[in-house]
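Here is how names work: the chains are called A, B, and so on, in the same order as the sequence lines, proteins then strands, and each is numbered from 1.
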Amino acid sequence: MDINLIKSQFPIFTKKIKGKPLVYLDSSNSSQKPTSVLNSLDYFYRNEFSNIGRSIHSLAVNATNKYEETRTSIKNFINANSKDEIVFTKNATESINLVASTFGQENIKKGDEILITELEHHSNYVPWHYLRETKGAIIKFAPINDDGDIIISKLKELITSKTKIIAVTHLSNVTGTIVPIKEIVEIARKKNIPVLVDGCQSAPHIKIDVKDLDCDFYAISAHKVYGPTGVGILYGKKKWLEKLPPYIGGGGMINEVNKDKITYASVPEKYEAGTMPTAEVIAFNESIKFMESIGIQNIIKHEKELTNYALEKLKKINSVKIIGNPKNKAGVISFVIKGIHPHDISTIVDEEGVAIRAGHHCCQILHNRLNLSATARASIGVYNTKEDIDILCKAIENCRKVFELK
Amino acid sequence: MDINLIKSQFPIFTKKIKGKPLVYLDSSNSSQKPTSVLNSLDYFYRNEFSNIGRSIHSLAVNATNKYEETRTSIKNFINANSKDEIVFTKNATESINLVASTFGQENIKKGDEILITELEHHSNYVPWHYLRETKGAIIKFAPINDDGDIIISKLKELITSKTKIIAVTHLSNVTGTIVPIKEIVEIARKKNIPVLVDGCQSAPHIKIDVKDLDCDFYAISAHKVYGPTGVGILYGKKKWLEKLPPYIGGGGMINEVNKDKITYASVPEKYEAGTMPTAEVIAFNESIKFMESIGIQNIIKHEKELTNYALEKLKKINSVKIIGNPKNKAGVISFVIKGIHPHDISTIVDEEGVAIRAGHHCCQILHNRLNLSATARASIGVYNTKEDIDILCKAIENCRKVFELK
Amino acid sequence: MDLKELYQDIILEHGKSPKNFGKCEKYTHEAKGHNPLCGDQVHVYLKLNNEKNVDNVTFEGTGCAISIASTSIMTELVKGKSLETAKKIVIDFLNMIKNTQEIKSNDLDEDQKIKIMSLSGVKQYPMRVKCATLAWHTLTSAINGKKEEVNTEVID
Amino acid sequence: MDLKELYQDIILEHGKSPKNFGKCEKYTHEAKGHNPLCGDQVHVYLKLNNEKNVDNVTFEGTGCAISIASTSIMTELVKGKSLETAKKIVIDFLNMIKNTQEIKSNDLDEDQKIKIMSLSGVKQYPMRVKCATLAWHTLTSAINGKKEEVNTEVID
Ligand SMILES: Cc1ncc(COP(=O)(O)O)c(C=O)c1O
Ligand SMILES: Cc1ncc(COP(=O)(O)O)c(C=O)c1O
């Protein structure tokens, strides 16, 4: 894998921030996009633009075919059984809301339990919280240990006869914990409990095989997988998507509409109401091709190396503390520096062209658990290099200088 | 207004369809995009991409500012009171669902009535139908006359003490009827009933002034207003947006999150959960600037002329029947030809490079009312010319030839 | 591509004056089909006799020329055939349209082969394939005694 | 832009060892403030005496150096002032940060002016402005006896 060749595919890396080359370490927030994706987007709008599905003129036929090609690519990318199991949404947050809302409608009653974990992003908590508010459901949080790993034995203990669904992240956007989803699904399967996986952070960084995981739902955001903004993906086992009621209602998701009765289209159209992010879905196909052109194993290897390199270097800096030490860690590195607030770190490293994130990263529960109000986070993408890490570390040293720490 | 100058801003019109220049008459479905919008999209992704709101590095600050600039532009474009009244969604369909769902939660009980019209697009019916299914609401349809105008006196009669909301289109996507929203709002205001306006078709074609209309909600899709796909807009009076419960839940729409309690952000953030279509929202600002650079009055004049020209020419073709003859008609022309099904018309004119739509246009109720199963529809955008209409008419003559009609 | 390959005279003829239109008497099987994209609708009525031969097959419905003609031609081709033969003809037709295979059946006479081939022009118009196949899927559904309406969004 | 303009020694000093930290006794007013973007939180306690002078003002909270320093400096500047003067200082400060106006107040001595000006570096860092203004909005809220938590998303 030639990292320079990869980096050169991302036009943004020719840009300067405050006169310095951009060191982008905020990929867990959103990734940068390769030229092929941007070219696809631009080409489609300039040469072939049309809405899909509804019209039957040549432009519409072409657009519809390309849109469906992306669906097929995603099916293959995550190894789904059928492309009908792939629903396009606006982001992973909507994907999770779709499941929480439709599943909740028919399967959650007062006193029923929803099991999530202390690692969850707000997007995998708030939608379930709504069922607490509207249905009187109970939300339980599987605890983590100080390393940032879910304590599986405790998760098991929290399952009762009232547990109706388990919703869990595949990869923590704070600690980088890679969660043993297969193990959790096996536990759930024995009790016939469906499992939703928040795959926002995993999709760009580890191999996803929904057949092997055997999970019921899997949520992804294209913009974190080197794709455009505005596109989310929901994988759902066909039996679920067929059984659950529709979500957003409108054009394109109906079968027959009468003044007293409406019947709905079959999946996946049933869940794709209104005009979709057509151009963005089509361009996302190039993101998948980009990932496949490198090979997920090569991506994993590169990012693992870089993560280890970064962890070692960061640990050597005085008063830097890495948050979490999970068994299996991806390139998400949250840290604090005694005496400097994460926002001050972010501002200071920004002067060196280094983009990191500071705050609770939409994980207040986790930060409460760790007794922190905020952390700084450097997160790695396939385009990052050891030099990026070196510059980050130098910038952190500069924080210590500005704050006159010894 | 120089139509050639306008057309030259749309790169797609240099393309050929089946060897013929593209005659795009499917703008009611989705409009083409000017170069400035595509350049903005491309520039942002290549040079400045970052997620908004969450990170505080330079890229994020810039992106956030630009995103908010679009909000301000929209506020001015529709003359809202405050930019906090502008919520970004994925499409107008989501905008309407947002209102139906959140308004319905607290304001609709069994037996309450929702008043819509026979003109409505499925996107302004299905979301309300959900409240019929889940809450036992009653949906009433204000009837139209054979011209395609809503019979206002009948609409008035349908209002009862149980009417909780009125949802009505501003411009029919089948008959081109421009609906007297102000009159309807005045009627509703007297009974304290809020009004949602589906502004999907009006936004690109007539002047919108929500303060003057005094409606409570207004839904728009960017992709029909010369903007990118993946962006919708909901205008809502601030008192409503503040009062109504949140919709999609997740990152960015919260204030404080605890294991037992969640508080939400203020509007509009409360309704913008998860990563938004950042790049597309930013590019949409150029769409508004494009419209403003021409001037809405010039757009109206040009499209009116073209519509009249088209109507006259089409009426002269044997066996062509125009659907609807509303008092105030925009450039949406649906028609049928005795002896040729609309799908056959669409296929045949497509051979001449003419893109029109055939079907029920997501308006089955209206088609039932008119006793039609499908119509052909030519819809006009700011870039269309008299030559486009001439080519359409010639292509229609060809339909008659292929079908050997006399 | 000449439009006349899609809209051959046979198609226009059947489209304008479909054969076997209406509800036949004493039908033993029926099924409905729907093409949500176009709004085409078809209702097929099938009468099998005791020897499992297609005594009669008729239809009602609305749709474009392709869809009406295809249904009309279908009824002509399977009427009088044994059920097994009818099934083979359906498979042959769908293979021709969707996989561009040749018509293999020995059960059609020359005239019938010309009729069925007249629908092959649709292969060049992907959005119209469903118009042509709707009736045939619906016939299969009727034969199999399925309760659900055929929906080309699901089938094709 | 030199980072030292943002992180002046005064700021670092107040950030590390804030003045008037804690809950003061017998406070007459209080208010909470929150910056959802950063997570900064502040709780201001104000004690007015019978002559409407600021007898005491203290705070609790967490946040970045800018936010803690700004709060600390604020408490120093308004302590001992009359309520009217305190209000004027708040307005002066917000005008300086948000509208880049000069400090007009005659109620601050030289040392105090240096302190308040030490926060002006934040103008170059738009995302950090809210960190600097949170405490001041919260003080206003306390003075006005508002029940709701101040939220910089709404205010700024
Ligand atoms: C009148 C009307 N309302 C609503 C919609 C739905 O818009 P969208 O598909 O962009 O959500 C449309 C467009 O299809 C429309 O024409
Ligand atoms: C673990 C996790 N889940 C969910 C989300 C929400 O994704 P989006 O904002 O794209 O909807 C994110 C990203 O912010 C995330 O990191």
Task: Heavy-atom pairs under 4.5 Å with chain A, option from B:Asn39, B:Ile116, B:Asn368 with the top count - done: B:Asn39
Open item on the list: One thing to verify: whether B:Lys18 and B:Glu352 come together as a salt bridge, which I'm taking to mean a side-chain N less than 4.0 angstrom from a carboxylate O.
Closed with: no
Task: Contact origin within A:Ile139 toward chain B - heavy atom pairs under 4.5 Å - done: neither
Task: Pick from A:Pro245, A:Pro228, A:Gly359 with the largest number of heavy-atom pairs that fall under 4.5 Å of chain B - done: A:Pro228
Task: Partner chain B: residue of A:Phe13, A:Trp128, A:Tyr24, A:Tyr264 with the largest heavy-atom pair count (under 4.5 Å) - done: A:Tyr264
Open item on the list: Would the distance check show the side chain of B:Asn47 and the main-chain N or O of B:Tyr43 forming a donor-acceptor pair, the cut-off being under 3.5 Å?
Closed with: yes
TODO: Select, from A:Thr229, A:Asp350, A:Thr89, the one with the greatest count of heavy-atom pairs under 4.5 Å involving chain B.
DONE: A:Thr229
Open item on the list: Less than 4.5 Å to any heavy atom of chain B: does that hold for the side chain of A:Phe10, its backbone, both, or neither?
Closed with: neither
Task: Smallest separation among heavy atoms of A:Leu98 and A:Thr102, with atom names - done: O-OG1, 2.8 Å
TODO: Under 4.5 Å, counting heavy-atom pairs only, tell me which of B:Ser123, B:Ser50, B:Gly232 racks up the most with chain A.
DONE: B:Ser123
Open item on the list: With chain B as the partner, which of A:Arg132, A:Met276, A:Gln105 has the greatest number of non-hydrogen pairs under 4.5 Å?
Closed with: A:Arg132
TODO: With a 4.5 angstrom heavy-atom cut-off, could you sort out which part of A:Tyr130 is near chain B: side chain, backbone, both or neither?
DONE: side chain
- [ ] Sort B:Lys259 into side chain, backbone, both or neither according to what part of it lies under 4.5 angstrom from a heavy atom of chain A.
- [x] both
Open item on the list: At a heavy-atom distance under 4.5 Å, which candidate from B:Val354, B:Thr347, B:Leu59 has the highest pair count against chain A?
Closed with: B:Leu59
TODO: Please report the C-alpha distance between B:Tyr67 and B:Phe284 in whole Å, then the side-chain angles of each, then the deciding distance to 0.1 Å, and finally whether the ring pair (Phe, Tyr, Trp, His ring centres under 6.0 Å) criterion is met.
DONE: CA-CA 9 Å; B:Tyr67 181 90; B:Phe284 184 53; over 10 Å; no
Open item on the list: Consider side-chain contact (heavy atoms from CB on, under 4.5 Å). Of A:Ser31, A:Cys200, A:Ser95, A:Ser30, which one does A:Ser221 pass it with?
Closed with: A:Cys200
Task: Check: A:Thr93 main-chain N/O paired with A:Asn91 side-chain donor or acceptor under 3.5 Å - done: yes
Open item on the list: Looking at A:Lys90 and B:Glu94, is any side-chain nitrogen of the basic one under 4.0 Å from a carboxylate oxygen of the acidic one?
Closed with: yes
Task: A:Glu48 with B:Lys15: basic N within carboxylate O range, under 4.0 Å - done: no
TODO: Considering only heavy atoms and a distance below 4.5 Å, find which of B:His343, B:His223, B:His121, B:His361 pairs most often with chain A.
DONE: B:His223
Open item on the list: For B:Asp26, is there an ion pair with B:Arg377 - N to carboxylate O distance below 4.0 angstrom?
Closed with: yes
Open item on the list: Tell me which one of A:Leu41, A:Ile12, A:Leu38 satisfies side-chain contact (heavy atoms from CB on, under 4.5 Å) with A:Lys33.
Closed with: A:Leu38
Open item on the list: As an exercise: rank B:Ala355, B:Ser101, B:Ala358, B:Pro127 by heavy-atom pairs under 4.5 Å with chain A and give me the winner.
Closed with: B:Ala355
TODO: Mind ranking A:Val257, A:Ile96, A:Asn51, A:Ile56 by heavy-atom pairs under 4.5 Å with chain B and telling me who comes out on top?
DONE: A:Val257
Open item on the list: Heavy-atom pairs under 4.5 Å with chain A - which of B:Val281, B:Val231, B:Ile254 has more of them than the others?
Closed with: B:Ile254
TODO: Tell me, out of A:Pro246, A:Gly252, A:Ala100, who's got the most heavy-atom pairs with chain B below 4.5 Å.
DONE: A:Pro246
